[in-house]
Amino acid sequence: MCAGPRVSMMHQWGLLITVLYCQLYLAAAQHWRKALYPSAFRVKRGTHSLVNPTFQNSVEDVNLLFEILLAGLQIEGEDKPFVIPDKELASLRRVQKLEVICEDVLPKRLSEIRRLTSHLSQRRGALSREDFERTVLTMVYTAQTLAHTTSQHQKALWGDALLQLFRAIQEDLTPPPRTPQHN
């Protein structure tokens, strides 16, 4: 009879430890996402439902993003607006999320982009879907900024940042090398 309460207490402790472990795991996972794009987790006035926003949630969204990029999406700097030249595409409601990502989440200063590329070069494993999307969009912004930069020194810095972002995307898309099997 004495074993009953002891077993119940052990189950409670086991459950408590499991819950604590899960909380620590989730906090650690969120910490690494925060490290790449910290502004994605800040609630902004008027965008309370867009904490950690992502644009691509379906194949249709991926196709729409591709169409928007082909139409000439302009992710301007801190003081300039987000522009989609195609009025029909720009009027879609789903584009509002993309606008929030481009204006409020993506890094715009060279120092922020260099910090991002440093974190990307140190990471292990594949990027999350959200971080992959943001890294591609940051690469688009960096390429557009490079094209409008006139100073040779600034061109070299922005060009290096673009190259680092490209390498991060390339590494993420490249399958890991297969190890030879010994028979």
Chemist: side-chain contact (heavy atoms from CB on, under 4.5 Å) with Ala71: which residues, sequence neighbours excluded?
Modeler: Asp86, Leu89

Chemist: Holding to side chain to side chain donor-acceptor pair (under 3.5 Å), I want the full list of residues that pass it with Glu99, two or more places apart in sequence or in another chain.
Modeler: none

Chemist: Is there a continuous path of hydrophobic side-chain contacts, each under 4.5 Å between heavy atoms, that joins Leu173 to Val62?
Modeler: no

Chemist: Measure the CD1-SG distance between Ile68 and Cys102 for me, rounded to the nearest 0.5 Å.
Modeler: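 Separation between the atoms: 9.0 Å.
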
Chemist: Who pairs with Thr135 by side chain to side chain donor-acceptor pair (under 3.5 Å), at least two apart in sequence or on another chain?
Modeler: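 Expected list: Tyr37.
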
Chemist: Counting distance only, does the side-chain N/O of Gln56 pair as donor-acceptor with the main-chain N or O of Glu133 below 3.5 Å?
Modeler: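 Such a contact is absent between Gln56 side chain and Glu133 backbone.
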
Chemist: Evaluate the salt bridge (charged side-chain N to carboxylate O under 4.0 Å, His left out) criterion for residues Glu112 and Arg109: first the C-alpha distance (whole Å), next the side-chain angles of each, then the deciding distance (0.1 Å), finally the verdict.
Modeler: CA-CA 5 Å; Glu112 295 170 338; Arg109 288 188 221 114; 3.1 Å; yes

Chemist: Got a sec, which residues hit side-chain contact (heavy atoms from CB on, under 4.5 Å) with Asp172, two or more places apart in sequence or on another chain?
Modeler: Arg123, Ala126, Leu127, Phe132

Chemist: Holding to side-chain contact (heavy atoms from CB on, under 4.5 Å), I want the full list of residues that pass it with Ser58, two or more places apart in sequence or in another chain.
Modeler: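 Per chain and number, Ser58 pairs via side-chain contact (heavy atoms from CB on, under 4.5 Å) with Glu60, Asp61.
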
Chemist: Using 0.5 Å steps for rounding, measure from the CG atom of Leu116 to the OG atom of Ser111.
Modeler: 11.5 Å

Chemist: Measure the OG1-CH2 distance between Thr149 and Trp158 for me, rounded to the nearest 0.5 Å.
Modeler: 7.0 Å

Chemist: Identify, with sequence neighbours excluded, every residue that meets side chain to side chain donor-acceptor pair (under 3.5 Å) alongside Gln164.
Modeler: none

Chemist: Gln74: what forms a side-chain contact (heavy atoms from CB on, under 4.5 Å) with it, not counting sequence neighbours?
Modeler: Glu76, Val83, Gln144, His148

Chemist: To the nearest 0.5 angstrom, please state how far the CZ atom of Arg129 sits from the CG atom of Asp131.
Modeler: 11.0 Å

Chemist: Tell me the closest heavy-atom pair linking Leu69 and Leu73, and the distance in Å.
Modeler: CD2-CD2, 3.7 Å

Chemist: Does Arg114 have any side chain to side chain donor-acceptor pair (under 3.5 Å) partners at least two apart in sequence or in another chain, and if so, which?
Modeler: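 Not a single residue meets the side chain to side chain donor-acceptor pair (under 3.5 Å) criterion with Arg114.
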
Chemist: Using modelled atom types and a 3.5 Å cut-off, is there a donor and acceptor pairing between side-chain atoms of Lys97 and backbone atoms of Phe55?
Modeler: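 Looks like no, no N/O pair under 3.5 Å.
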
Chemist: If you link ILVMFWY side chains whenever their heavy atoms are less than 4.5 Å apart, which other residues fall into the same cluster as Leu70? By chain and number, please.
Modeler: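 Under the 4.5 Å side-chain rule, Leu70 groups with Phe66.
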
